[in-house]
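Written below as structure tokens is the structure these notes are about.
Letters A, B, ... mirror the listed sequences (proteins, then strands); counts begin at 1.
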Amino acid sequence: MNSYTDDFSILDFQRDLVDWYKMNQRDLPWRADQDPYKVWVSEIMLQQTRVDTVIPYFNRFLSLFPTLGALAEADEEKVLKAWEGLGYYSRVRNLQTAVKEVAEQYGGKVPDTPEEISKLKGVGPYTAGAILSIAYGVPEPAVDGNVMRVLSRILLIEEDIGKAKTRTLFEKAVRELISKEDPSSFNQAMMELGALICTPKSPACLICPVHEHCRAFDQGRQRELPVKEKKTKVRHVDMAALILRRADGKYLIHKRPKEGLLANLWEFPNVPVRKRGQSEIEDLTVFLDAEWGITAEIGDHISNLEHVFSHLKWDIQLFEGQCTTETGEKDDLKWVTFEEMEAFPFPVSHQKIIKLAKEVAVL
DNA sequence: AAGGCGTGGGG
DNA sequence: TCCCCAAGCCT
């Protein structure tokens, strides 16, 4: 009693939704078959990432690592390189960790129960439900942002979808609504509807296949939903970065720590600076010596550049410099040519620096 | 529970 | 330009 689905025509809704999906679904590379490994890769890539962005990455990734076993055995550096530019890099490191576990613990077969699959690194409630329903036909909810938006409108649910707890409420509703005959189509249809019709800004209610089931549409309130409180501004960080060249024409690059922002990706030497416009050169000089025992002559200021992340913004002052001592290499510190650089995974922020470094090198 | 964690596209 | 967003997960 007092359930969100009271007086709701579940079977009619399922039929209208799934029929529409079967007629109108997009032809996407991960829909070619139901290989659990491919479904898994696609779901990880699609987290917080648009379909159009994912498509070329998915095709390239699957050609490089065609099977679960291939990914399990691959070098992490190569895997990160394949992910370069996609963002949220811990996704792919977690994926490889989990794939190795499946190879070892489950004989290479992706587990098909909620209990087992949810233990895998990087497989949360959404991804678990998506793989189980799409690859194995298990009637588990797969509640993502689309599903919360669509359902908040259809069932007129006004809980804040930004709160962690709210997702479980939607999962409860989906357990009542989901088609037991075709949970794969049902879950994908909910997301497809969210992507194509029931969009955030201006939902196309007049052509929506389920508008006669939609309480928000009935009351003309679809634009008020879902409820989501807005987030605060991003923090700004002032940085100084350095294009450091050695006599043999090679450049210094550094591998970032294995945890935190841009973990295990490569970068140019850089330091946060406190007083902007004052001591960047001094900061860089001290940093190089203290961190790696490298002495250098910092030269011209090349340019300023900025890079925006989801939660912070880097304002980077870029300098060039000459190394004045012989230095060795470590696992996380290398001197490389531009050509050699191409094998290393860089975040987009440092791809911008590489581009500028090449321009400077021509002069 | 709330904040860390990327990037590029669109209104 | 600015802000929100796009198939979330981890701590």
Sorted by number, the residues of residues 178-196 of chain A with heavy-atom contact under 4.0 Å to DNA chain C: A:Met191
Where along residues 136-145 of chain A does a heavy atom fall under 4.0 Å from DNA chain C? A:Asp144, A:Gly145
Enumerate the ring pair (Phe, Tyr, Trp, His ring centres under 6.0 Å) contacts for residues 195-228 of chain A, please, sequence neighbours excluded, ordered by first and then second residue. A:Phe13-A:His213, A:His211-A:Phe217
Donor-acceptor list for residues 248-255 of chain A side chains, cut-off 3.5 Å, not counting sequence neighbours:
residue: A:Asp248; atom: OD1; partner: A:Arg246; partner atom: NE; Å: 3.2
residue: A:Asp248; atom: OD1; partner: A:Lys250; partner atom: N; Å: 3.1
residue: A:Asp248; atom: OD2; partner: A:Arg246; partner atom: NE; Å: 3.3
residue: A:Asp248; atom: OD2; partner: A:Arg246; partner atom: NH2; Å: 2.6
residue: A:His254; atom: ND1; partner: A:Glu267; partner atom: OE2; Å: 2.9

Give the residues of [range] touching DNA chain B, defined as any heavy atom closer than 4.0 Å, sorted by residue number.
range	answer
residues 150-167 of chain A	none
residues 260-271 of chain A	A:Gly260, A:Leu261, A:Leu262
residues 346-357 of chain A	A:Pro347, A:Val348

What pairs of donor and acceptor atoms, side-chain ones from residues 187-196 of chain A against any protein atom, are under 3.5 angstrom apart with sequence neighbours left out?
residue: A:Asn187; atom: ND2; partner: A:Ser133; partner atom: OG; Å: 3.0
residue: A:Asn187; atom: ND2; partner: A:Glu140; partner atom: O; Å: 2.9
residue: A:Gln188; atom: OE1; partner: A:Tyr21; partner atom: OH; Å: 3.2
residue: A:Gln188; atom: OE1; partner: A:Arg31; partner atom: NE; Å: 3.2
residue: A:Gln188; atom: NE2; partner: A:Ser184; partner atom: OG; Å: 3.1
residue: A:Glu192; atom: OE1; partner: A:Arg26; partner atom: NH2; Å: 3.0
residue: A:Glu192; atom: OE1; partner: A:Arg31; partner atom: NH2; Å: 2.9
residue: A:Glu192; atom: OE2; partner: A:Arg26; partner atom: N; Å: 2.8
residue: A:Glu192; atom: OE2; partner: A:Arg26; partner atom: NE; Å: 3.0
residue: A:Glu192; atom: OE2; partner: A:Arg31; partner atom: NH1; Å: 3.2

N/O to N/O distances under 3.5 Å, protein versus nucleotides 4-6 of chain C:
residue: C:dA6; atom: N3; partner: A:Gln48; partner atom: O; Å: 3.1

Of all nucleotides in DNA chain B that come within under 4.0 Å of a heavy atom of chain A, which is furthest toward the 5' end and which toward the 3' end? B:dG4 to B:dG8
Any salt bridge (Lys or Arg N to Asp or Glu O under 4.0 Å) involving residues 292-310 of chain A? Give me the pairs, sequence neighbours left out, ordered by first then second residue.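 For residues 292-310 of chain A: A:Glu306-A:Lys313.
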Who else is in A:Leu225's hydrophobic cluster (ILVMFWY, side-chain heavy atoms under 4.5 Å, direct or via others)?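 The other cluster members (ILVMFWY side chains, heavy atoms under 4.5 Å, direct or chained) are A:Leu156, A:Val227.
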So what does A:Arg31 hit on the nucleic acid, given a heavy-atom distance under 4.0 Å: a base, only sugar-phosphate, or nothing?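 Base, at least one base heavy atom under 4.0 Å.
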